[in-house]
Amino acid sequence: MASDPGLLRLMAGLRIVAAIGLTLGVLALLGTDVTHMVAGAMAAMVSTFAIREKNLRGQAITLACGFPVALAAVSLGALLHSRVVAGDLFFIALIFCAVYFRRFGDRGTALGLMGFQVYFVSLFVNATVDQLPELAGTLAVAFACSAIARFALVPETPQRVLGRLRGAFRARLAQLVTVQTKLLDAAPEDLDDVLDELRHHTARLHETALMIQGRLEDGAGDAATASLIQRRVADAEVSAERLGMLLLNARSAERADTLTLHLPHAPAPAIGKLLRQEDEATATLRRDLGALHLMVARPADANRGTAVAQIRNRLLGYRDEERMPPGATLAMQDVFRGIGEAARAVMGLRIALDGPQDESDDSPATTRSREELEAEDMSITGTVALAADTEKTSDDEDEDDRKGLDRPTTRAAFQVAVGSALAIVGGEFLSSQRWYWAVLTCWVVFLNTASTGEIVIKGYRRVLGTVLGVLAGVLLAGAVGNHAWLAFVLVLVCVFAAFFTAPLSYALMSFFVTAMLGLLYTLLNTYSLDVLVLRIEETALGAACGIIAAVLVLPVRTDSRTDELLATVLERLGDVVAGAVEQLSGGPAADLLDRARDLDTALDDLRASTKPLTHAIAPQRERRQTVRYLVALLETSAYHARSLAATAELVPYSKHVAADPRLGRAARRIAHNIDVLVAQVTDEDLTGTVESGASIAAMLETDGTGVPAANTVTYRVLRHLQRLDEGISGLARPLGVPVGQRS
C-alpha cells in the first residue's frame, strides 16, 4: 500500500492484462488466426491504457467514442497499404491531429492516442482491404473486452481509489515516524544515510498528500467532506515534517537549517550530545515516538480501548506542556511538543476518515483537542461555498489562454509532424518493412514532455531500455520456441510489468515493451536477431529525429521552460504567504490550503522540468548543483508557507492562536523580495534589489512590545517567516539578483 499509493499501478497493470487476456480467449474461441489475435491484443491494450478520466461516466463515453476512431484508423491503414506516399502523408497528418487534440483534455488525448496506435497496429500486421471485415470484428471484440475488464473484472471508482490513497497516506506516515525514530538513535557516522532516508520518506508522504488532493473532487462525495479530508491530511503532513526538523535540532550541536531536510545529500549538521545515552528524557522520547507510530499504524477498529486511550492522552498532554520529562533540554521539549501536535493531527485524521471515536477515557487535554477539532470542522463546513468560489477562480486563471503557435499542443503537433516525417524518410532507408518503429519512437518521446531537455532525456531512456530489451527478447524467444500459448502468457507478464513500472522508470517500461515485441515476432513467425537489432536502429533514429525537430522547430529551451515555471512557483508562494499573514494579522478568512496545494503543484511541475538539468548525463556539474540548491530552497520555503497556512486557518476558532497585527508589517520585506525575483525571472525588471537586514523578530521590537515568548504560536509563526525570509533571500544568488542592506 505504501509503495504503490492507491494501488494505481497495480490496478492499471491488472486491468490491461485482463483486457488482453479476455480478448485472446474470445478470439481463440472464435478460431481467429494468430495475426489477428496479436492485432486484437494490441487494440485491447491501447483502448485500456489510453483512458485517463477519473469518473466512470467519462471513461464509458471515451471508450464508446474510441471504437469508431479506431475503426476509421485501421480502415484507412488498410486502404493506404499499397499507396506508400499517400499512406505516409496521412500518417503524418494523423500524428499532427493526435497531438493537437490534447488541447481538449483527457478525452481528446485518449482519442488521438487510440487513432495513432490502431493505425500503427494496421502497419504492424500488414492489414489489407481483404482483411478489413475480420479486423473490424477483432476491434469490436477488443473494445468490448476492454469495457468488461474496466467496468466488471477490475472495476475502479473514485471513492475506492480515494479510500486506498488514504490508507497509503497513513502507511507512509507510519514509515516516516519509524525513520524519525532511527534519527533519534543514529550514530554520527550513520547520520547522513538516515537523513537521506528521512528526506525520501518525507517526499513520499508529500507525494501521497498531493495524490489525495487530486482525487478529492470526484471521490469525496461532497465539498464539505473533501475540505475536511484536505485539512486533516495537510495537518498531518505539516506536523510530521515539523517533527522531523525538531528531532534533527535535538541531535545537533546548534539549530539545524531547514534546508538540510530538502537538499539532496546535504551534510548532516554537527552532532551535539548523543541521545543514545539512556537518560530518562531520551528513554521517554523513544517510547513516545513508538506510541505515535502505534496511533498512526493501527487499523481503525483496533485503535480503541483503555490502553490506546492512555497513550493518546499522554501524547496530547505534551501540547499543554503536561508531564514534561525531567532533565529534557529545551530542544527536546520542542520535540515532545511536536509529538503532541502530531498526535492531535493523527486524531483529527482518524476522526475525518473513520468517524467518531470512543471518548469515555479522554483526559482534559484530549477533550480540549477534540473541542478544537470540532470547532475547525464547523468552520470548514461553513466555508465550503468560499472554497468552491476560490476553486472556480483558480481554474479560470489556470486556463491556457495562449493562441496559435504559442499554445503548447500546437507547437508540439508541428514538432512531432516534422520529426515523424524525418523518421519516415530515415526509417525507409533502414527498412522498408519496419520503418514505423522510428515513427513510434519519435511520437512517444514527445508524450508528457514540454522542453527540449525533457525530450533528450526521454529519448536516451527509450534507447537504453530498447537495447536491454532486445537482449531479453533474444533469451525469451529462444526459450519459447514454437509454444504459442506460452509466448502469449509471457506477453501478458511483460505488459503487466511495463505498465506497473511506467510511472517509476521510462527505461524499464521500454525494456519490457521491447522484450514483449520479441515474443510477438515469434508468434508472427517473423522473429530473427536481425529484426531486434533493427528495432534498436529504428529506435535510435526515431529518438534522434524527435530531438532534431525539438531543437529546430519552434523550440522550447529547458531554461525558458524552467524560468516560466519558476515565476509561477514564486507567484504562488507570494499568494500563500500574503494570505496567511493577512489572516494571522486579523484579516478575513481565505482558503489557504487550496493556495498551498496550488503552490505544491507548481513546485512539482518545476521539479520535473529541471530533471534534464540535474540528470547524470547533463554536462555542467556546477549547474546541476545550483539547480538542486535552488529547488531545495523553494521546497523549504513551500514547507514554511504550508505551515503558516495551516496555522493561519486556526485563527478564527482556536484558543491557542490569536491574531497579531504586527505580523503584516513583518512580512512586507518578504513580499517585496518575491516581487523582485519574479520580475528578474520574467525579464520585466532587471534593476530590482533583494532587501536584507534585521531579522523578522527584531523588526517587531521597534513598537516596544518585544518579541513574543518562546513556545507561543506567534513565536513559531515568526520562525517560519524568518526561514522564509532567509530562503527567498538565498534565491537571489543563484538567480543573479543583487542583495542590498535595508536601511
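Position 1 is the first residue of the sequence; numbering continues from there.
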Would a distance-only check, ignoring hydrogens and angles, find a side-chain to backbone donor-acceptor pair under 3.5 Å from [X] to [Y]?
X: R150; Y: T48; result: yes
X: T558; Y: G453; result: yes
X: S510; Y: G465; result: no
X: Q117; Y: V46; result: no
X: R9; Y: S3; result: yes
X: R461; Y: A507; result: no
X: R199; Y: L263; result: yes
X: T178; Y: A174; result: yes
X: R83; Y: L79; result: yes
X: T157; Y: R160; result: yes

**Asked** Which word best sums up how the rings of F143 and F67 line up, parallel for under 30°, tilted for 30 to 60°, or perpendicular for over 60°?
**Response** perpendicular
**Request:** Assign the ring pair F496 / F500 to parallel, tilted or perpendicular, where the plane angle (0 to 90°) is split at 30° and 60°.
**Result:** parallel
**Request:** Step by step, work out the side-chain contact (heavy atoms from CB on, under 4.5 Å) result for Q159 and L162.
**Result:** CA-CA 5 Å; Q159 294 78 15; L162 181 60; 5.8 Å; no
Taking only residues two or more places apart in sequence, or in another chain, which ones meet [X] in a ring pair (Phe, Tyr, Trp, His ring centres under 6.0 Å)?
X: F446; result: none
X: F511; result: none
X: F124; result: W437, Y521

Are [X] and [Y] packed together at the side-chain level, in the sense that at least one heavy-atom pair is separated by less than 4.5 angstrom?
X: I51; Y: D106; answer: no
X: L113; Y: W443; answer: yes
X: L447; Y: R102; answer: yes
X: F120; Y: M42; answer: yes
X: Y460; Y: V456; answer: no
X: D196; Y: H200; answer: no
X: V161; Y: M11; answer: no
X: V26; Y: L29; answer: no

**Item:** With sequence neighbours excluded, residues passing side chain to side chain donor-acceptor pair (under 3.5 Å) with T610
**Value:** none
**Contacts of type side chain to side chain donor-acceptor pair (under 3.5 Å), residue T202, not counting sequence neighbours** = none
When you compare the side chains of [X] and [Y], does any donor N or O come within less than 3.5 Å of an acceptor on the partner?
X: R107; Y: T62; value: yes
X: Q175; Y: R204; value: yes
X: T208; Y: R172; value: yes

Going from [atom1] on [X] to [atom2] on [Y], what distance comes out if it is rounded to the nearest 0.5 angstrom?
X: N448; Y: E454; atom1: CG; atom2: CD; answer: 9.5 Å
X: C65; Y: L111; atom1: SG; atom2: CG; answer: 6.0 Å
X: T539; Y: R462; atom1: OG1; atom2: CZ; answer: 6.0 Å
X: L541; Y: I536; atom1: CG; atom2: CD1; answer: 13.5 Å
X: Q415; Y: I455; atom1: CD; atom2: CD1; answer: 5.5 Å
X: M37; Y: I20; atom1: CE; atom2: CD1; answer: 12.0 Å

Heavy-atom closest contact ([X] atom, [Y] atom, distance):
X: T449; Y: V445; answer: OG1-O, 3.1 Å
X: A44; Y: A142; answer: N-CB, 3.7 Å
X: T562; Y: L606; answer: O-CD1, 3.6 Å
X: V470; Y: R535; answer: CG2-CG, 4.4 Å
X: A498; Y: M509; answer: O-CG, 3.6 Å
X: T452; Y: A550; answer: OG1-O, 3.5 Å

Carboxylate-amine/guanidinium proximity below 4.0 Å for [X] and [Y]:
X: K182; Y: E197; value: yes
X: R628; Y: E635; value: no
X: D218; Y: K54; value: no
X: E156; Y: R15; value: yes

**Message:** Quick check on side chain to side chain contact (heavy atoms under 4.5 Å, CB included): which of L71, V74, L76 does V118 satisfy it with?
**Reply:** V74
**side-chain contact (heavy atoms from CB on, under 4.5 Å) between V493 and M516, intermediate numbers included** = CA-CA 9 Å; V493 172; M516 175 193 70; over 6 Å; no
**Message:** Filter on ring-ring contact (aromatic ring centres under 6.0 Å, His included), then keep only pairs touching residues 463-487, sequence neighbours left out; what's left?
**Reply:** W485-F488
**Request:** Would you confirm whether the ring centroid of F116 sits within less than 6.0 angstrom of the ring centroid of F91?
**Result:** yes
**Message:** For Y100 together with F414, are the ring centres under 6.0 Å from each other?
**Reply:** no
**Request:** Evaluate the side-chain contact (heavy atoms from CB on, under 4.5 Å) criterion for residues V556 and R411: first the C-alpha distance (whole Å), next the side-chain angles of each, then the deciding distance (0.1 Å), finally the verdict.
**Result:** CA-CA 9 Å; V556 178; R411 181 189 295 111; 3.2 Å; yes
**side-chain contact (heavy atoms from CB on, under 4.5 Å) between H36 and Q131, worked out** = CA-CA 9 Å; H36 288 87; Q131 297 175 321; 4.1 Å; yes
**Asked** Is it true that atom CG of D559 has more than 12 heavy atoms of other residues, nucleotides or ligands lying nearer than 6.0 Å?
**Response** yes
**Request:** Decide yes or no on salt bridge (charged side-chain N to carboxylate O under 4.0 Å, His left out) for R434 and E538, but give the supporting numbers first.
**Result:** CA-CA 8 Å; R434 313 291 181 193; E538 295 280 5; over 6 Å; no
